Amino acid sequence: QLLKLLGLVKEGTAKHIFVFDQTRLSRNTITKAIISESLKKQKVQLHTYSKMFDFEKSEDVLTFRILEAIESYESALRKARFQLGYISANKKGRFPRNITPYGYRKDEDGFLVIDEDEKKILLEIIDRYLNRGEGTNQIANWLNDTSLPRLSAGAISAIYIGEIMEAIPTPIPPIIL
């Protein structure tokens with residue numbers, strides 16, 4: 001929809017764009033800069049619930065950029081709070097994310113517990129990676145060549161093995177014990 005809208009702006013068909021607030025344009029800073037420059041170039045006015053931005057007026061451009069900077073800062077703070085929340089929950093043994101790391105499952109209280117069926121495979125993956133010096137390609141090939149239970153619907157890729165390794169929570173629950 002955004003590309004279609006930008007096409008209308010470029011054609012000169014759209015002269016007024018209405019959004020709830022300017023964060024709805026894009027959360028990506030570069031994309032938002034491209035959009036605002038397109039609006040300015042085509043003399044399109046941006047209407048939000050509280051303000052109308054006329055990009056031909058330097059005061060409106062300044063206000064738009066100040067609000068953009070504030071939104072970027074707030075977004076960074078929100079992201080940091082989420083990360084701290086994940087770390088805090090993880091230290092308590094909880095794993096608040098939807099997809100649990102391979103080798104674990106969540107109990108009814110959201111705590112990670114060892115999945116005994118996946119434990120052996122995960123330990124073999126870790127051993128091959130850390131102790132035998134095998135890369136993710138070699139491990140993926142080994143898993144695809146064995147009759148072990150499938151880790152995914154199709155062939156196992158090196159990327160998938162890397163994702164398994166990256167998803168091991170920190171601090172690591174005692175699966176190795």
Side-chain angles (χ1 to χ4, degrees), residues 1-7 19-36 48-49 65-177:
Q1 296 294 349
L2 179 60
L3 291 175
K4 187 186 263 185
L5 178 63
L6 288 176
V19 293
F20 180 73
D21 63 42
Q22 68 188 73
T23 62
R24 305 317 304 156
L25 290 174
S26 177
R27 291 194 175 117
N28 180 293
T29 309
I30 294 170
T31 304
K32 191 181 284 186
I34 292 168
I35 292 169
S36 65
T48 68
Y49 75 96
R65 291 200 174 133
I66 289 171
L67 291 172
E68 188 176 48
I70 292 169
E71 291 163 4
S72 178
Y73 176 71
E74 287 177 339
S75 178
L77 286 178
R78 192 170 34 259
K79 184 177 179 182
R81 279 194 302 271
F82 277 122
Q83 290 298 324
L84 289 174
Y86 287 138
I87 291 168
S88 175
N90 221 329
K91 285 181 180 178
K92 295 175 186 172
R94 297 194 71 225
F95 195 76
R97 297 183 179 166
N98 291 335
I99 300 172
T100 56
Y102 188 81
Y104 304 91
R105 63 178 172 75
K106 285 185 189 178
D107 68 10
E108 58 278 349
D109 296 320
F111 289 90
L112 287 180
V113 294
I114 296 167
D115 182 317
E116 294 297 331
D117 294 334
E118 295 178 353
K119 176 182 175 179
K120 292 176 188 169
I121 298 169
L122 181 60
L123 289 175
E124 182 68 21
I125 291 170
I126 292 170
D127 180 60
R128 285 174 176 266
Y129 189 80
L130 295 178
N131 299 326
R132 299 184 204 174
E134 292 183 17
T136 54
N137 281 321
Q138 291 171 297
I139 295 169
N141 291 337
W142 166 74
L143 285 167
N144 286 320
D145 291 341
T146 64
S147 59
L148 294 172
R150 302 302 293 176
L151 298 176
S152 64
I156 297 165
S157 69
I159 293 171
Y160 185 69
I161 299 301
E163 289 171 354
I164 289 173
M165 299 301 287
E166 288 177 8
I168 295 173
T170 304
I172 298 175
I175 195 167
I176 297 174
L177 300 179

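From a predicted model like this one, the values you see are computed outputs, not experimental measurements. Note that the numbering runs from 1 along the sequence shown for the chain.
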N/O donor to acceptor pairs below 3.5 angstrom from side-chain atoms of residues 65-75, sequence neighbours left out:
unit_1	atom_1	unit_2	atom_2	d
Arg65	NH2	Glu37	OE2	3.0
Glu71	OE1	Lys32	NZ	2.9

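With sequence neighbours excluded, the residues satisfying side-chain hydrogen bond (donor to acceptor under 3.5 Å, both in side chains) with Glu124 are Arg128, Arg132. In this structure, the side-chain hydrogen bond (donor to acceptor under 3.5 Å, both in side chains) partners of Asn131, at least two apart in sequence or on a different chain, are Asp127.
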Exercise. Hey, mind stepping through Tyr49 and Val19 against side-chain contact (heavy atoms from CB on, under 4.5 Å) and telling me if it holds?
Worked result: CA-CA 7 Å; Tyr49 75 96; Val19 293; over 6 Å; no
Intermediate values then yes/no, side-chain contact (heavy atoms from CB on, under 4.5 Å), Leu143 and Ile161
CA-CA 10 Å; Leu143 285 167; Ile161 299 301; 3.5 Å; yes
Inset, instruction - Test side-chain contact (heavy atoms from CB on, under 4.5 Å) on Tyr129 and Ile139 and set out the steps. - result: CA-CA 8 Å; Tyr129 189 80; Ile139 295 169; 3.8 Å; yes
* To do: Take Arg105 and Val113 through the test side-chain contact (heavy atoms from CB on, under 4.5 Å) and record every step on the way to the result.
  => CA-CA 6 Å; Arg105 63 178 172 75; Val113 294; 3.4 Å; yes
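Note that CD1 of Ile35 is 11.0 Å distant from CD of Gln22, once rounded to the nearest 0.5 Å. Atom NZ in Lys119 sits 10.0 Å away from atom CG in Leu122 (nearest 0.5 Å). The distance from the OH atom of Tyr160 to the OG1 atom of Thr136 is 13.5 Å, given to the nearest 0.5 Å.
Asp115 and Asp117 get closest at one heavy-atom pair: OD1-N, 3.0 Å. Between Asn137 and Ala158 the shortest heavy-atom distance is OD1-CB, 3.0 Å.
Under the 3.5 Å distance criterion, the side-chain polar atoms of Ser88 are left unmatched by any main-chain donor or acceptor of Gly85. Side-chain atoms of Asp109 never come within 3.5 Å of backbone atoms of Phe111 as a donor-acceptor pair (strictly under, hydrogens ignored).
Atom CG of Leu130 sits in a crowded spot, with more than 12 heavy atoms from other residues, nucleotides or ligands closer than 6.0 Å. Remark: Ile30 CD1 is loosely packed, at most 12 non-hydrogen atoms of other residues, nucleotides or ligands lying under 6.0 Å away.
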